[in-house]
Amino acid sequence: NPNAHTYPERTPSHLCVNVLSPEAVCAEREGEERKTPWEWGIFLPEDAQLTIIGELGSDGIAKFYKVRNGHGVFVMKIAKEPAEDINRLLHREYEKHVYLEQAALTRPQLAKYMIKAYNPAGSGQKESLPVTEDGKKYFLMECVKGQSLDRILENIQTGKEEPLGVKEITDISRRLFEYLREIHSSGWSHRNIKPENIIVSRTGDGFVGVKITDFTAMLTNVFKIQHP
(Lines give C-alpha, C1' and ligand atoms only; values in the text may rest on other atoms or scores of the structure.)
Protein backbone atom coordinates (compact mmCIF):
# COMPACT_ATOMS: atom_id res chain seq x y z
CA ASN A 1 0.00 0.00 0.00
CA PRO A 2 1.54 3.38 -0.96
CA ASN A 3 -0.06 5.31 1.91
CA ALA A 4 2.54 6.26 4.48
CA HIS A 5 0.23 5.65 7.45
CA THR A 6 -0.82 2.12 6.44
CA TYR A 7 1.37 -0.92 7.06
CA PRO A 8 2.23 -3.29 4.23
CA GLU A 9 0.89 -6.82 4.52
CA ARG A 10 4.43 -8.02 5.12
CA THR A 11 8.01 -6.86 4.78
CA PRO A 12 9.74 -8.84 2.00
CA SER A 13 13.09 -10.26 3.08
CA HIS A 14 14.89 -8.73 0.09
CA LEU A 15 13.93 -5.26 1.37
CA CYS A 16 15.12 -5.91 4.91
CA VAL A 17 18.55 -4.32 4.86
CA ASN A 18 18.98 -1.23 6.99
CA VAL A 19 19.22 2.08 5.13
CA LEU A 20 21.93 3.40 7.42
CA SER A 21 24.61 0.75 7.82
CA PRO A 22 25.65 -2.23 5.68
CA GLU A 23 26.54 -4.15 8.85
CA ALA A 24 23.03 -3.82 10.32
CA VAL A 25 20.72 -6.18 8.44
CA CYS A 26 17.04 -5.68 9.19
CA ALA A 27 16.07 -9.26 8.45
CA GLU A 28 16.29 -11.05 11.78
CA ARG A 29 19.26 -13.36 12.14
CA GLU A 30 19.93 -16.48 14.18
CA GLY A 31 21.07 -15.66 17.72
CA GLU A 32 20.44 -11.93 17.32
CA GLU A 33 19.87 -10.17 20.61
CA ARG A 34 16.39 -8.78 21.24
CA LYS A 35 15.44 -6.44 24.06
CA THR A 36 12.31 -4.72 25.21
CA PRO A 37 12.22 -0.95 24.59
CA TRP A 38 12.58 -0.38 28.34
CA GLU A 39 15.86 -2.33 28.33
CA TRP A 40 17.11 0.16 25.70
CA GLY A 41 15.96 3.10 27.82
CA ILE A 42 13.11 3.85 25.39
CA PHE A 43 9.83 4.28 27.23
CA LEU A 44 7.28 3.38 24.57
CA PRO A 45 3.55 3.23 25.36
CA GLU A 46 2.43 -0.18 26.65
CA ASP A 47 0.38 -0.79 23.49
CA ALA A 48 3.33 -0.10 21.14
CA GLN A 49 4.07 -3.83 20.69
CA LEU A 50 7.59 -3.20 19.39
CA THR A 51 10.70 -5.27 20.04
CA ILE A 52 14.00 -3.46 19.56
CA ILE A 53 16.63 -5.60 17.82
CA GLY A 54 19.50 -3.14 17.67
CA GLU A 55 20.65 0.48 17.48
CA LEU A 56 21.55 1.66 13.98
CA GLY A 57 22.77 5.24 14.20
CA SER A 58 21.58 8.82 14.47
CA ASP A 59 21.23 12.12 12.67
CA GLY A 60 20.85 15.69 13.88
CA ILE A 61 17.44 15.24 15.51
CA ALA A 62 16.81 11.52 15.95
CA LYS A 63 18.13 8.04 16.66
CA PHE A 64 17.47 4.97 14.53
CA TYR A 65 16.68 1.49 15.81
CA LYS A 66 16.01 -1.82 14.12
CA VAL A 67 12.62 -3.00 15.40
CA ARG A 68 10.02 -5.70 14.88
CA ASN A 69 6.27 -5.65 15.32
CA GLY A 70 3.42 -7.82 14.07
CA HIS A 71 3.86 -6.47 10.52
CA GLY A 72 7.56 -7.19 10.06
CA VAL A 73 10.96 -5.57 10.58
CA PHE A 74 11.35 -1.80 10.31
CA VAL A 75 13.63 1.11 11.15
CA MET A 76 12.28 3.27 13.98
CA LYS A 77 13.19 6.95 13.93
CA ILE A 78 12.78 8.52 17.38
CA ALA A 79 13.50 12.05 18.58
CA LYS A 80 16.79 12.36 20.48
CA GLU A 81 15.24 14.63 23.08
CA PRO A 82 11.68 15.40 24.23
CA ALA A 83 12.14 19.03 23.17
CA GLU A 84 9.23 20.68 21.37
CA ASP A 85 11.32 21.91 18.44
CA ILE A 86 12.85 18.45 17.82
CA ASN A 87 9.45 16.74 18.02
CA ARG A 88 8.04 19.31 15.61
CA LEU A 89 10.83 18.68 13.07
CA LEU A 90 10.33 14.92 13.33
CA HIS A 91 6.58 15.28 12.88
CA ARG A 92 7.00 17.50 9.84
CA GLU A 93 9.42 15.05 8.30
CA TYR A 94 6.79 12.32 8.66
CA GLU A 95 4.15 14.59 7.12
CA LYS A 96 6.44 15.19 4.15
CA HIS A 97 6.67 11.42 3.68
CA VAL A 98 2.86 11.32 3.60
CA TYR A 99 2.49 14.20 1.14
CA LEU A 100 5.19 12.86 -1.16
CA GLU A 101 3.78 9.34 -1.16
CA GLN A 102 0.39 10.78 -2.08
CA ALA A 103 2.03 12.58 -5.01
CA ALA A 104 3.70 9.31 -6.01
CA LEU A 105 0.32 7.61 -6.44
CA THR A 106 0.19 9.13 -9.92
CA ARG A 107 3.95 9.05 -10.49
CA PRO A 108 5.31 5.49 -10.33
CA GLN A 109 8.76 6.70 -11.41
CA LEU A 110 8.88 8.81 -8.24
CA ALA A 111 7.53 6.05 -5.99
CA LYS A 112 10.37 3.65 -6.76
CA TYR A 113 12.95 6.03 -5.25
CA MET A 114 11.13 6.57 -1.96
CA ILE A 115 11.48 4.91 1.42
CA LYS A 116 8.02 4.51 2.91
CA ALA A 117 7.10 5.73 6.39
CA TYR A 118 4.51 4.24 8.72
CA ASN A 119 2.68 5.62 11.73
CA PRO A 120 2.82 3.06 14.57
CA ALA A 121 -0.35 4.62 16.01
CA GLY A 122 -2.26 2.79 13.28
CA SER A 123 -4.16 3.34 10.05
CA GLY A 124 -5.74 6.75 9.61
CA GLN A 125 -3.45 8.49 12.13
CA LYS A 126 -1.76 10.85 9.70
CA GLU A 127 -1.88 13.89 11.94
CA SER A 128 -0.58 12.58 15.27
CA LEU A 129 2.53 10.49 15.79
CA PRO A 130 2.83 8.40 18.96
CA VAL A 131 4.86 9.77 21.86
CA THR A 132 7.02 7.89 24.36
CA GLU A 133 6.25 8.22 28.04
CA ASP A 134 9.12 10.70 28.34
CA GLY A 135 7.81 12.85 25.49
CA LYS A 136 9.67 11.77 22.32
CA LYS A 137 7.82 11.34 19.01
CA TYR A 138 8.67 8.47 16.69
CA PHE A 139 7.64 6.75 13.45
CA LEU A 140 8.70 3.71 11.44
CA MET A 141 10.31 3.39 8.00
CA GLU A 142 10.62 0.42 5.69
CA CYS A 143 13.95 -1.38 5.54
CA VAL A 144 15.50 -1.23 2.10
CA LYS A 145 18.39 -3.03 0.49
CA GLY A 146 21.60 -1.08 0.20
CA GLN A 147 23.99 1.30 1.91
CA SER A 148 24.64 5.01 1.67
CA LEU A 149 26.79 6.28 -1.18
CA ASP A 150 29.18 7.96 1.24
CA ARG A 151 29.75 4.60 2.97
CA ILE A 152 30.41 2.95 -0.40
CA LEU A 153 32.95 5.65 -1.31
CA GLU A 154 34.62 5.28 2.08
CA ASN A 155 34.85 1.51 1.64
CA ILE A 156 36.33 1.97 -1.83
CA GLN A 157 38.98 4.34 -0.47
CA THR A 158 39.95 1.84 2.24
CA GLY A 159 39.97 -1.11 -0.15
CA LYS A 160 36.95 -2.87 1.38
CA GLU A 161 34.96 -2.66 -1.87
CA GLU A 162 35.73 -2.66 -5.56
CA PRO A 163 35.60 0.75 -7.28
CA LEU A 164 32.39 1.72 -9.01
CA GLY A 165 32.41 0.89 -12.69
CA VAL A 166 31.44 3.29 -15.48
CA LYS A 167 28.07 1.57 -15.83
CA GLU A 168 27.35 1.83 -12.10
CA ILE A 169 28.29 5.53 -12.02
CA THR A 170 26.10 6.14 -15.07
CA ASP A 171 23.19 4.22 -13.54
CA ILE A 172 23.39 6.13 -10.23
CA SER A 173 23.57 9.48 -12.04
CA ARG A 174 20.68 8.61 -14.35
CA ARG A 175 18.48 7.51 -11.44
CA LEU A 176 19.29 10.65 -9.46
CA PHE A 177 18.37 12.85 -12.40
CA GLU A 178 15.14 10.90 -12.86
CA TYR A 179 14.27 11.30 -9.18
CA LEU A 180 14.96 15.05 -9.30
CA ARG A 181 12.88 15.42 -12.47
CA GLU A 182 9.96 13.58 -10.91
CA ILE A 183 10.06 15.31 -7.55
CA HIS A 184 10.36 18.77 -9.13
CA SER A 185 7.49 17.98 -11.50
CA SER A 186 5.43 17.12 -8.40
CA GLY A 187 6.03 20.58 -6.96
CA TRP A 188 8.64 19.50 -4.40
CA SER A 189 12.30 20.36 -3.84
CA HIS A 190 14.41 17.89 -1.82
CA ARG A 191 17.10 20.47 -0.94
CA ASN A 192 19.45 17.95 0.67
CA ILE A 193 20.82 15.61 -1.99
CA LYS A 194 24.22 14.38 -0.80
CA PRO A 195 26.01 11.01 -0.62
CA GLU A 196 24.73 10.30 2.92
CA ASN A 197 21.13 10.50 1.67
CA ILE A 198 21.56 8.32 -1.42
CA ILE A 199 21.05 4.62 -0.70
CA VAL A 200 22.60 2.38 -3.34
CA SER A 201 22.17 -1.37 -3.81
CA ARG A 202 24.86 -3.14 -5.84
CA THR A 203 24.65 -6.68 -7.18
CA GLY A 204 27.17 -8.95 -8.81
CA ASP A 205 25.66 -8.45 -12.25
CA GLY A 206 26.22 -4.69 -12.11
CA PHE A 207 22.63 -3.70 -11.34
CA VAL A 208 22.34 -0.53 -9.27
CA GLY A 209 19.21 0.47 -7.35
CA VAL A 210 18.78 3.87 -5.72
CA LYS A 211 16.63 5.14 -2.85
CA ILE A 212 16.56 8.69 -1.47
CA THR A 213 16.34 9.48 2.24
CA ASP A 214 16.02 12.45 4.62
CA PHE A 215 13.08 14.67 3.70
CA THR A 216 13.69 17.07 6.60
CA ALA A 217 14.68 20.03 4.44
CA MET A 218 12.24 19.31 1.60
CA LEU A 219 9.78 22.04 0.63
CA THR A 220 6.70 22.30 -1.52
CA ASN A 221 4.11 25.00 -2.11
CA VAL A 222 1.52 22.77 -0.47
CA PHE A 223 3.61 22.38 2.64
CA LYS A 224 4.28 26.12 2.84
CA ILE A 225 0.54 26.79 2.78
CA GLN A 226 -0.15 24.31 5.57
CA HIS A 227 2.78 25.44 7.70
CA PRO A 228 3.22 29.21 7.19
Side-chain angles (χ1 to χ4, degrees), residues 1-11 19-20 26 36-38 40-53 55-105 110-111 114-144 183 186-192 212-228:
N1 192 313
N3 293 328
H5 57 283
T6 303
Y7 284 111
E9 292 184 3
R10 64 188 183 89
T11 304
V19 301
L20 300 174
C26 280
T36 65
W38 285 74
W40 283 96
I42 301 174
F43 308 115
L44 297 178
E46 290 186 3
D47 59 353
Q49 298 181 337
L50 284 173
T51 300
I52 297 180
I53 304 171
E55 186 172 354
L56 303 176
S58 64
D59 62 15
I61 64 170
K63 291 185 176 181
F64 298 85
Y65 292 88
K66 173 182 172 180
V67 302
R68 167 172 281 283
N69 65 11
H71 300 278
V73 181
F74 297 86
V75 172
M76 178 175 71
K77 185 169 186 175
I78 181 170
K80 282 184 175 179
E81 303 291 339
E84 182 180 351
D85 57 339
I86 293 179
N87 276 332
R88 182 171 59 250
L89 287 172
L90 192 75
H91 192 107
R92 288 192 177 184
E93 181 180 355
Y94 173 75
E95 286 182 324
K96 291 172 185 179
H97 274 277
V98 174
Y99 289 126
L100 190 56
E101 289 183 28
Q102 289 174 344
L105 290 174
L110 174 60
M114 293 168 43
I115 294 175
K116 293 181 180 179
Y118 304 99
N119 187 341
S123 179
Q125 299 292 323
K126 278 200 304 185
E127 300 304 324
S128 58
L129 289 176
V131 183
T132 64
E133 293 187 3
D134 55 345
K136 301 173 185 176
K137 288 190 173 185
Y138 63 97
F139 64 90
L140 303 183
M141 297 183 293
E142 70 171 321
C143 297
V144 299
I183 197 171
S186 300
W188 292 83
S189 177
H190 190 280
R191 301 175 67 233
N192 198 21
I212 307 299
T213 68
D214 193 353
F215 299 153
T216 308
M218 191 166 61
L219 287 179
T220 179
N221 291 334
V222 174
F223 200 81
K224 287 179 180 178
I225 292 171
Q226 296 200 7
H227 298 276

Check your understanding: Are any of the side-chain heavy atoms of Val67 and Thr51 separated by less than 4.5 Å?
Key ->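 No, their side chains stay 4.5 Å or more apart.
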Exercise for review: Taking the side chain as every heavy atom from C-beta outward, state whether Pro120 and Asn69 have any pair of such atoms under 4.5 Å apart.
Suggested key: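 Result no, sub-4.5 Å side-chain heavy-atom pair not found.
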Practice item. Could you pull out all residues at least two apart from Lys63 that satisfy side chain to side chain donor-acceptor pair (under 3.5 Å)? Key: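 Listed in chain order: nothing, the list is empty.
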**Study point:** Minimum heavy-atom distance Met141-His97, with the two atoms named
**Key:**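 The pair with the smallest heavy-atom distance is SD-NE2, 4.4 Å.
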Review point. Minimum heavy-atom separation for Gly135 to Asn87, with atom names?
Key: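 Residues Gly135 and Asn87, closest heavy atoms: O-ND2, 2.8 Å.
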Review point. Can you tell me if His190 uses its side chain to pair, donor with acceptor, with the backbone of Asp214 under 3.5 Å?
Key: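 Such a contact is found between His190 side chain and Asp214 backbone.
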Review point. Thr132 side chain to Lys136 main-chain N or O, any donor-acceptor pair under 3.5 Å?
Key: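 Looks like yes, one N/O pair under 3.5 Å.
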Review point. Does the pair Ile42 and Ile52 meet the rule for a side chain to side chain contact (heavy atoms under 4.5 Å, CB included), with working shown?
Key: CA-CA 9 Å; Ile42 301 174; Ile52 297 180; 3.4 Å; yes
Review point. Mind checking what makes ring pair (Phe, Tyr, Trp, His ring centres under 6.0 Å) contact with Tyr138, not counting sequence neighbours?
Key: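 Listed in chain order: nothing, the list is empty.
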Exercise for review: Mind checking the CG-OG1 spacing from Asn192 to Thr213? Nearest 0.5 Å is all I need.
Suggested key: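 Separation between the atoms: 8.5 Å.
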Point to revise | Test side chain to side chain contact (heavy atoms under 4.5 Å, CB included) applied to Met76 and Tyr65, Phe64, Tyr118, the passing residue | key: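 When Tyr65, Phe64, Tyr118 are each tested with Met76, the side chain to side chain contact (heavy atoms under 4.5 Å, CB included) holds only for Tyr65.
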Point to revise | Under-4.0 Å salt bridge between Glu93 and Lys77 | key: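 Salt bridge flag = yes for Lys77 with Glu93.
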